[in-house]
Amino acid sequence: MGQVVQIEYCTQCRWLPRAAWLAQELLTTFEAELTELSLKPGTGGVFVVRVDGEVVWDRREQGFPEPTAVKQAVRDRVAPGRSLGHSDKASQK
């Protein structure tokens with residue numbers, strides 16, 4: 001069964017475009033592994049990515065994510081051991 005990803009973003013900060021872009025990146029990369037990806041409006045500067053309810057990225061602790069870093073965090077939950085091709089190579093420099 002596929003996994004569920006949620007991106008919670010701050011509406012006050014106008015971070016919907018960033019959240020939507022990241023959602024597109026994740027859906028493109030993990031189209032076979034994900035059954036759902038939702039965008040959850042929030043407030044107070046929130047930008048959190050969850051896989052099946054587990055936080056894999058929190059802007060307050062880790063800063064704004066590069067797409068590669070989030071893809072790797074999601075991959076570790078939904079498809080461990082799978083190569084992300086050039087994304088993995090770029091992070092190993």
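The closest donor-acceptor contact from the side chain of Trp57 to the backbone of Gly63 lies under 3.5 Å. Side-chain N or O atoms of Glu31 include none that pairs as donor or acceptor with a backbone N or O of Leu27 at under 3.5 Å.
For the side chain to side chain contact (heavy atoms under 4.5 Å, CB included) with Leu37, the lone residue among Val5, Val4, Val74, Val49 that qualifies is Val5.
A 4.5 Å side-chain heavy-atom check between Glu66 and Val70 finds every atom pair outside the cut-off. The shortest distance between side-chain heavy atoms of Phe30 and Glu25 does not fall below 4.5 Å. Using a 4.5 Å heavy-atom cutoff, the side chains of Val51 and Val78 are in contact.
Geometrically, Arg18 engages Phe64 in a cation-pi contact defined by less than 6.0 Å to the ring centre and at most 45° from the axis.
Contact between Ala19 and Leu39 at its shortest, heavy atoms only, is O-CD2, 3.8 Å. For the residue pair Leu84 and Thr29, the shortest heavy atom distance occurs at CD2-CG2, 3.9 Å. Between Gly45 and Cys13, the shortest heavy-atom distance links the atoms CA-SG, 3.8 Å. Nearest heavy-atom pair, Val46 versus Arg60, reported as atom, atom and distance to 0.1 Å: N-NH2, 3.8 Å.
From Gln3, atom CD reaches atom CD of Glu54 across 10.0 Å, with rounding to the nearest 0.5 Å. Atom-to-atom distance recorded for Asp52:CG and Thr35:OG1 is 7.5 Å, nearest 0.5 angstrom. Here the CG atom belonging to Leu22 is positioned 5.5 Å from the CZ atom belonging to Phe47, to the nearest 0.5 angstrom. Taking CD of Glu8 as the reference point, atom CH2 of Trp15 lies at 11.5 Å (rounded to 0.5 Å).
Cluster membership for Trp21 and Leu34, using ILVMFWY side-chain heavy atoms within less than 4.5 angstrom, is not shared.
Residues satisfying the side-chain contact (heavy atoms from CB on, under 4.5 Å) test with Gln24, not counting sequence neighbours, are Thr28.
The residues Glu33 and Arg75 are annotated as not salt-bridged, no charged nitrogen and carboxylate oxygen being separated by less than 4.0 angstrom.
For CD of Gln62, the number of neighbouring non-hydrogen atoms (other residues, nucleotides, ligands) closer than 6.0 Å is greater than 12.
Pairs engaging residues 36-49 under the side chain to side chain donor-acceptor pair (under 3.5 Å) rule: none recorded [sequence neighbours left out].
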